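Letters A, B, ... mirror the listed sequences (proteins, then strands); counts begin at 1. The structure displayed is predicted, hence computed values, not measured ones.
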Protein chains: 2
Amino acid sequence: MTAPKPGTTVRGSQTGRPIMAVLDLLGRRWSLRILWELHMSGPSSFRDLQRLCGDISPTVLNTRLAELREAGIIELREKGGYAITGLGLELGAVILQLGDWAERWAGSMEVGGPGEKTGLATKGRNGKKTSRRDS
Amino acid sequence: MTAPKPGTTVRGSQTGRPIMAVLDLLGRRWSLRILWELHMSGPSSFRDLQRLCGDISPTVLNTRLAELREAGIIELREKGGYAITGLGLELGAVILQLGDWAERWAGSMEVGGPGEKTGLATKGRNGKKTSRRDS
DNA sequence: GGTTAATACTACAAAATATGTAGCGATACG
DNA sequence: CGTATCGCTACATATTTTGTAGTATTAACC
């Protein structure tokens, strides 16, 4: 009920071009990560996914899952929980390539990335209880 | 100074695995879109990019550009403005595939997607002045 | 030289999203 | 029954994004 759809107006675009809806959907926080984890671990329960994503809050997780489901990329099965659909598998192949690219990227960063700066990462409201695992 | 880097703690992950940093970076709003537009239009000025993304606010645009630059995916040239780096080109190839997938996705949505629901899209603070173009 | 027009951003308040924690109703097990 | 886990909602707080205005710089143009 909130997922962008081809043929409609989405964030930053009114032409209805499919790619724009995809970019909007996948550009939302946690979308890519959820898809990645589902691809790596196979069908997972809500709570499993939550843990796989480093104890993401159930609120966003549920929102993203609903969107992804509405887009037909994943589905909720009677048994096994959330799983990638046939359509989603094709998308997954693309996402997997991100993994390969990430490795090359990491390599080139080491030697002498453009930055060389310290590169902080995430802040996190407080240093209290960041997750223990992340798959 | 805010871009996630391989080997560090990023949103939802502490293992330092490159893919996690990539998923964090690309999962931020507008990252994918900016890369897409840059790939489609070639080197572009700040203002061009802003227009290409449907009149995105300069604040986020600048933030994302800085992150992408820090990650070595794009660079700011003396002449021509923002452009994709060699490393970024490889990533771009992956993003381009999203376009192909999007077309197939659109097709399967038409016939009888799982949703069939109305699928709202973006809200936008007010209906005032949504952008006129989107590339 | 002075004016006008772009461009690249920054400032800042307001609105949208995400986060974290608690908890509810529904099984599942002993 | 008592206890556990699961899927997910409520809700207050924190973080991000938006939108708009404005500053500083450079490039014509007259």
K.L.:
List in chain and number order the residues that pass ring-ring contact (aromatic ring centres under 6.0 Å, His included) with B:W30, two or more places apart in sequence or in another chain; answer none if no residue qualifies.
P.N.:
none
K.L.:
List, with names and distances, any nitrogen or oxygen atoms from the protein found under 3.5 Å away from nitrogen or oxygen atoms belonging to nucleotides 2-6 of chain D.
P.N.:
| residue | atom | partner | partner atom | Å |
| --- | --- | --- | --- | --- |
| D:dC6 | N1 | A:R47 | NH1 | 3.4 |

K.L.:
Using whole Å, report how far CD1 of A:I56 lies from P of C:dT21.
P.N.:
14 Å
K.L.:
Picking from D:dC8, D:dT20, D:dC11, which would you name as closest to the side chain of A:N62?
P.N.:
D:dC8
K.L.:
Ring pair (Phe, Tyr, Trp, His ring centres under 6.0 Å): which pairs involve residues 88-107 of chain A, sequence neighbours left out?
P.N.:
A:W101-A:W105
K.L.:
Nearest whole angstrom, please: distance from the P of D:dA21 to the CG of B:D55.
P.N.:
14 Å
K.L.:
Rounded to the nearest Å, what distance is computed from the CG atom of residue A:L61 to the P atom of nucleotide C:dG20?
P.N.:
13 Å
K.L.:
Is it true that A:R51 and A:D55 have a side-chain N and a carboxylate O under 4.0 angstrom from each other?
P.N.:
no
K.L.:
Any base atoms under 4.0 Å from B:T63, or only sugar-phosphate, or nothing? Heavy atoms, all strands.
P.N.:
nothing
K.L.:
Judged by each residue's nearest nucleotide on DNA chain D, which is more toward the 5′ side, B:Q50 or B:R64?
P.N.:
B:R64
K.L.:
How many whole angstroms separate atom CG of B:L65 from atom P of C:dA8?
P.N.:
10 Å
K.L.:
In whole Å, I'd like the distance from the CG atom of B:L52 to the C1' atom of C:dA8.
P.N.:
16 Å
K.L.:
Which pairs count as ring pair (Phe, Tyr, Trp, His ring centres under 6.0 Å) when at least one residue sits in residues 44-69 of chain B, sequence neighbours excluded?
P.N.:
none
K.L.:
Any Lys/Arg nitrogen of A:E75 or A:R77 sitting under 4.0 Å from an Asp/Glu carboxylate oxygen of the other?
P.N.:
yes
K.L.:
Expressed as a whole number of angstroms, how long is the span from A:E78:CD to D:dG7:C1'?
P.N.:
14 Å
K.L.:
Which residues pass the side chain to side chain contact (heavy atoms under 4.5 Å, CB included) test with B:S45, not counting sequence neighbours?
P.N.:
B:R47, B:D48
K.L.:
Among D:dG19, D:dT17, C:dT19, which nucleotide sits nearest the side chain of B:S57?
P.N.:
D:dG19
K.L.:
Nearest whole angstrom, please: distance from the P of D:dT17 to the CD of B:E67.
P.N.:
8 Å
K.L.:
Any salt bridge (charged side-chain N to carboxylate O under 4.0 Å, His left out) involving residues 83-103 of chain B? Give me the pairs, sequence neighbours left out, ordered by first then second residue.
P.N.:
A:R104-B:E90
K.L.:
Between C:dT19, D:dT18, C:dC9, which nucleotide has the shortest distance from any of its atoms to the side chain of A:W30?
P.N.:
C:dT19
K.L.:
Compare side-chain N and O positions of A:R29 against OP1 and OP2 of C:dT19 and report whether any pair is under 4.0 Å apart.
P.N.:
no
K.L.:
At under 4.0 Å, does any side-chain N or O of B:Y82 touch on OP1 or OP2 of C:dC9?
P.N.:
yes
K.L.:
Rounded to the nearest Å, what distance is computed from the CZ atom of residue B:R28 to the C1' atom of nucleotide D:dT17?
P.N.:
13 Å
